[in-house]
Every structure is written in C-alpha cells, then in structure tokens.
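Every heavy atom of this structure was used, including side-chain atoms; hydrogens, water molecules and symmetry mates were not. Chain A is the first sequence line, chain B the second, and so forth, proteins listed ahead of strands; every chain is numbered from 1.
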Amino acid sequence: MKRNLIIVGMMVLICSFSLIFVGGCAKEQAIRGDVELAQAQPSAEETAQAQAQAQAQAEAQAQAEKEAALREKALKEQALKDKALEEKMLAEAESFKEIYFSFDKYDLSPEARDILKNLADWLLEHSDFEITIEGHCDDRGTIAYNLALGERRAEAAKGYLTNLGVANARITTISYGEELPVDPGQNEAAWAKNRRDHFIVFPKKQ
Amino acid sequence: MRKTTSFLIFLLIFWWGSAACAKVYLDINSPAFQKFPVAIPEFKNMGKAEVEDNLPAWFADQLSQSLKITGFFNIIGKDAFLEDQGSAGITAGEIDFSNWSGIGSDLLVKGGFSYDGEKLAVEFRLFDTIEGKLITGKKYWGKPEEKKSMVLKFADEILMALTGGTGVFDTKIAFIGKKDNSSEIYTINFDGSDLVKITDYNSLTLLPHWSPDASEISFTSYKDGNPDCYITNLASGKIKKISSFRGLNLPTSWSSDGKRILIVLSKDGNENIYIKHLDSDKLERLTDDRAIDVSPAWSPDGRKIAFVSNRSGSPQIFVMDSEGKNIRRLTFEGSYNSSPCWSPDGTRIAYEGSSNGCFQIFSIGEDGDNCMQLTFEAGGGESPSWSPDGRYLAYSSMRGGQRRIYVINSNGLNRRVLPGIKGLDSFKSPSWSRHLNLY
C-alpha cells in the first residue's frame, strides 16, 4: 500500500518536472516564432492547476518518505532486538559447548549427560536453531582410528539428544579425529582437553 | 614421472673370478649387522679438458652421501687417508691396498672422469682391500647434468654386489605437512631431495597412499566440508572425487593391479571396510560389525587383508582373507595396536603399538609369531610404511618435540630424519612409493 503511494508520488513528480521542462522548451522556441509560442504556452489556469498538483504531490512524497524512515527505524530496532536475542541464546549455548571423553572411549560420562540434558532442553525451547556436533580426539594413536573414534563421540552425543526428543534433522555430526586439537601440548592435561565433542548452535537456515 | 636417461652404460669389467658363484651376502637386516667400512677418495680427472673445479671431490662426496643414507656403510673420513688423492691411480695395479686395509677400510671405491666438451665419461671401481681384488666396475657416458644419476647407478651396483639387492634411490615418500588447521600432501625422494607439494586446498587433507604404478595418490580431504575420498593424478594434477558418502570416506591400500582400493565408510553408522572398484564404482562390503574397523591393508599377493578393529574391546590388528572371511586376531600384546603395513615379501606386518604409554613401531610375523619392537625413543613412532625392497620403514615420531618423518632400517637401526619444510608444524602419514626408475 505504502509502496504504491510512493510510486504514485514519484510519477506525479516526474510529470511536474516534464511540465517545467516543456515550459522551458517553449520559451526558447518563443524567440523564433510567436505562433508556436502561443500554441505551446499553457494557460494561466492550467499553470495554477499544475502548481497546485505539484505541491500536493510533494506533500504526499514527504509524507511517504517520513513513513519509510519510521518503518526502517522500526526494522532496525527489531533486527537489533533479534541479534541481541540470538547473541543471548548463543551465550547460553556457550555453557554446553563441549563435553569430554576418556582415552579411546566414546561413552558419555555423567557430567557429559548433564550437559547434554541442558543442551536438549535449550534446543527444544529454541526450535529455530540447529546444531553441529564435532567429534575430536587427542593425537595419540592412529589418524584413521581417531577419525572413527571422533565420529563415535559425535554420534554418541547425537544419539543422546535425539533420545531426549531433539529432531534428528536438526543435528549434523562431523569427526575431525586428532587433527584440530585445542591444546597442542603432549601431556595428560592437554590430551584431556582435546578428547571432546564440540557443539556449534546456529539459527536454522531459511 | 619416469625420467628417460640417455646416457650409455657399458660394462667395463665384471669379473669376480670363481667367487661369483659362491657369493655369500651378509644379512643386512640382522640386528648384529656391522656396517661396511668404505673409503671413497676424490675422483681423478683423466681428461685434458677442465670441468668444474670441484668435480673430483663432488663425485666422492655424492657417492659417500648416497651410500651413507642406505645405512649399510661406514664412510671412512678423508683425514685418515694415507694416500695422496691427487696423484694415485685408479686401477688395481696402481693401488697399494695396504694403505686402505691399514686404516680399517675393507672396501675402496676409486673413480675417474673425463670431459670432451660434450660428453662426460665416468669410471667407478669397487675393490676389496683385504683381498686386493676388484669386486665390480662400471663406466658411464652421458651429459654433465646426468652425473648424479651415474653416481646413484653405481651406488646401486655396490649394493647389488654386497647385499644381493639394489637400493631405493628411485623411490619417493608421500607425507602430510601440517600448519594449524590445514594440511597438504607432499612428496620427497628417498635421499631427501626434490620436495614437491601435491595438494593446495587450504583444508585438512589426510592419509595419502600411492597407487601401485605411482602415477596417482589417493587421499581424504575436507575441502568440500566432509571427509571425502579423492584420487589425484600426479602428471596432470587432476583430481577425482571417488567417494563422498555421509560420514567418513577413508581410502587406504590399493590392489596390485591398481583397479581397486580398500576404503573405510561409515555411511551406515558403523565404520566398515569395503572394496571400491575404480572402473565400475561398485562397492563390495567386507566387514559388517558394530565395532570400529579401519586401516585395511592388502597383503602383497592380494589374498589377505590386515586391519584394525576394536571388536575385542581395544584397537587390535586382525587378518582376514580378501573376501572378508576367516577373521583372526593377530596382536595380543598391549592395549592399542594399529596401522598395519605388510612387508613387500608378505612375511611380516609393521604396526604401531602402545608401549609404556607411548606408541612405538613394531613388526610381527604374518602368523602372529616373532614380534619385534623396532623403535624405543621417547617421541615414539606412528604409521609405519615399508620401502619397496623391505629394507626400510618410514614412520612419524614426536622425537625432538616436533612430529617429523623418520626412516629406519627394518632391523630398527640407522634412524635418519627427512628434511622438514619451513613454516609447517608437523609431518606425518608417510607412504612409500614403489621403484620409479628416476635415473
């Protein structure tokens, strides 16, 4: 509706500009011959009418512009609100960003289960979000076996979430094996940090 | 890949009298093996034309370096030489062998060259200094730029005469070089020369394996997001995606005809082993177990497949026939054994096993007997790969704090590190090519 108004306003503006333009032309022609001038020159009445019309259109456009600005402001405010909400949600998701595993194991510890329960609740509450589960290992052992182990770790978390009612389609898994450690150290503290599932939640793609 | 060398090879002298038929080679794979002591004095310029000034020393140094890399030779230092290198002759009649046996060098290599402005002619002679006898001699003609090829050819002659087999100078090792979150495939010659970057995807690229004719390398890469399986043709640089199922697509061993590869897929939930037929795209499933089954390796005769499975609780090496039947467990010692690789003669399997909390390289008889630990170092050892002659193993180790590729003789001796690449963090997953006829 508002867009139509703007288009109408624009058209009227264009019309009034063409009138002025035609007037200008006529003036130049007047120097060359009065007959043409007489024919081309609008009557005083017509001029007054056109002016009134142009004024009305200008007012309409000003009104339309004002409304468009307001609308844009509202949209921006909404976007900011959405972003803040998304950030807040993602900040909440930080609290269940990672779970940890024992060496060569992919079974879920009681701590991991607690975190997954919170994660499942959050996902059930925020149905507009999806999740990727990355499975990781420490760098001891074989590259290929660790790729499999990482996959098992990711699938273990996925299985737990789906059991708690999170839709299968919202969860993707990927294993990076031992390739992306968070701590490159060669000690138990570093290895323990690296044997993990990493959760990434993101708004559902439209 | 194959370099066509144009130089002519002539047998100069090849006589070892009656000893030739009673030749007894030393067991170079025995842990008790003593390296051959060899002296290699500067080569003699026998021509009139001047070549590069340093050529007499270049030949001696290049041959010394090549023999040293094999791990079977102890090169006698020049400081010990009693003979004046500049003036002495190079034939048996001109040599005072006591000058060499006296400094503990059982073997002596003498050489000479001449350059006529076009062709370089090089003579090599290997002597037994105790007996005062020629063991083998060769003369090569070629372009000056083929001089390294000539040296490697004669190094092969020396190895053949003393050990009954040639060297692996014409082989390459493919490996992964990693920096932060990205890793690429590289290849390097056995002697550490000619480093080539094969992939450049700025992604995670893993598990390189040479095709049997060494014209292609299979690998897994995350370049499109998922760990998919690819084959790259080294001559054209073209790559082909051969498997991109959901989950893991991990290619490993090639069949000896190059038409099939063993591949691990997790498309149905569990990691299982399949044969992928490259011509028809057909998949043949070999294992169907709820456990993790990975790292399959074909025996050289193609009849058996070694693989890793945690079906008995922890990762262990199993062997099955090539149809996936008759599965038997091979390793029982230790809680983690993986990365099986068959020796080229099919008698042994090298693998990595956990030992006192650290992974080390072992080899075990194909029947499960006679297990040997080959590495003992603090940085451990992972993912072994045999050289095509079975005399060496390449593996990766954290020795020295950074993961690097090492080569050892198959008896565990003579460790040497392959050159690293500046700017990269770690090097792993070595895969040894077959002979490439590089020179």
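The environment of B/Q373 atom CD is dense: over 12 non-hydrogen atoms of other residues, nucleotides or ligands sit within 6.0 angstrom. The 12-atom threshold is exceeded at NZ of B/K267, counting heavy atoms of other residues, nucleotides or ligands nearer than 6.0 Å. For B/E333, the CD atom counts as loosely surrounded, since its 6.0 Å shell holds 12 or fewer non-hydrogen atoms of other residues, nucleotides or ligands. Taking a 6.0 Å sphere around CG of A/D183, one finds it holds more than 12 heavy atoms contributed by other residues, nucleotides or ligands. Around CG of B/N356, the count of heavy atoms belonging to other residues, nucleotides or ligands within 6.0 Å does not exceed 12. Within a 6.0 Å radius of CD in B/Q402, other residues, nucleotides and ligands contribute more than 12 heavy atoms.
Only the side chain of B/E352 comes within contact range of chain A, judged by heavy atoms closer than 4.5 Å. Contacts between A/E179 and chain B at a heavy-atom distance below 4.5 Å involve backbone atoms as well as side-chain atoms. Contacts between B/I292 and chain A at a heavy-atom distance below 4.5 Å involve backbone atoms as well as side-chain atoms. Of the atoms belonging to B/L248, heavy atoms from both backbone and side chain fall under 4.5 Å from chain A.
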Step-by-step side chain to side chain contact (heavy atoms under 4.5 Å, CB included) determination, B/L204 to A/L180: CA-CA 9 Å; B/L204 278 175; A/L180 304 177; 4.0 Å; yes

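Taken from CD1 in A/I143 to OG in B/S429, the straight-line distance is 3.0 Å, to the nearest 0.5 Å. For the atom pair CG of A/D139 and OG of B/S426, the computed distance is 8.5 Å after rounding to the nearest 0.5 Å.
For the set B/G401, B/S383, B/P315, B/S295, the count of heavy-atom pairs under 4.5 angstrom toward chain A peaks at B/P315. Highest contact tally toward chain A, considering only B/N270, B/D293, B/I176, B/D180, is held by B/N270 [criterion: heavy-atom pairs under 4.5 Å].
Looking at A/L147 and B/L207, their side chains come closer than 4.5 Å, going by heavy atoms from C-beta outward. You'll find the side chain of A/Q186 stays beyond 4.5 Å of the side chain of B/R403, heavy atoms only.
When all heavy atoms are compared, the tightest approach of A/A144 to B/V294 is O-CG1, 4.1 Å.
The aromatic rings of A/Y145 and B/Y336 sit perpendicular to each other, their planes meeting at more than 60°, with 30° as the lower class boundary.
Heavy-atom proximity under 4.5 angstrom to chain B picks out A/F103, A/D104, A/Y106 from residues 101-132 of chain A. At a heavy-atom cut-off of under 4.5 Å, chain B is reached by A/A148, A/L149, A/E151, A/R152, A/E155, A/T173, A/I174, A/S175 from residues 148-175 of chain A, listed in order of number.
A donor-acceptor contact closer than 3.5 angstrom is absent between the side chains of B/E382 and A/T142.
For B/S211, the side-chain contact (heavy atoms from CB on, under 4.5 Å) test picks out B/D213, B/S215, B/E216, B/W254, with sequence neighbours left out. Scored by the side-chain contact (heavy atoms from CB on, under 4.5 Å) test, A/E188 finds A/R140, A/W191, A/A192, A/R195 as partners (sequence neighbours excluded).
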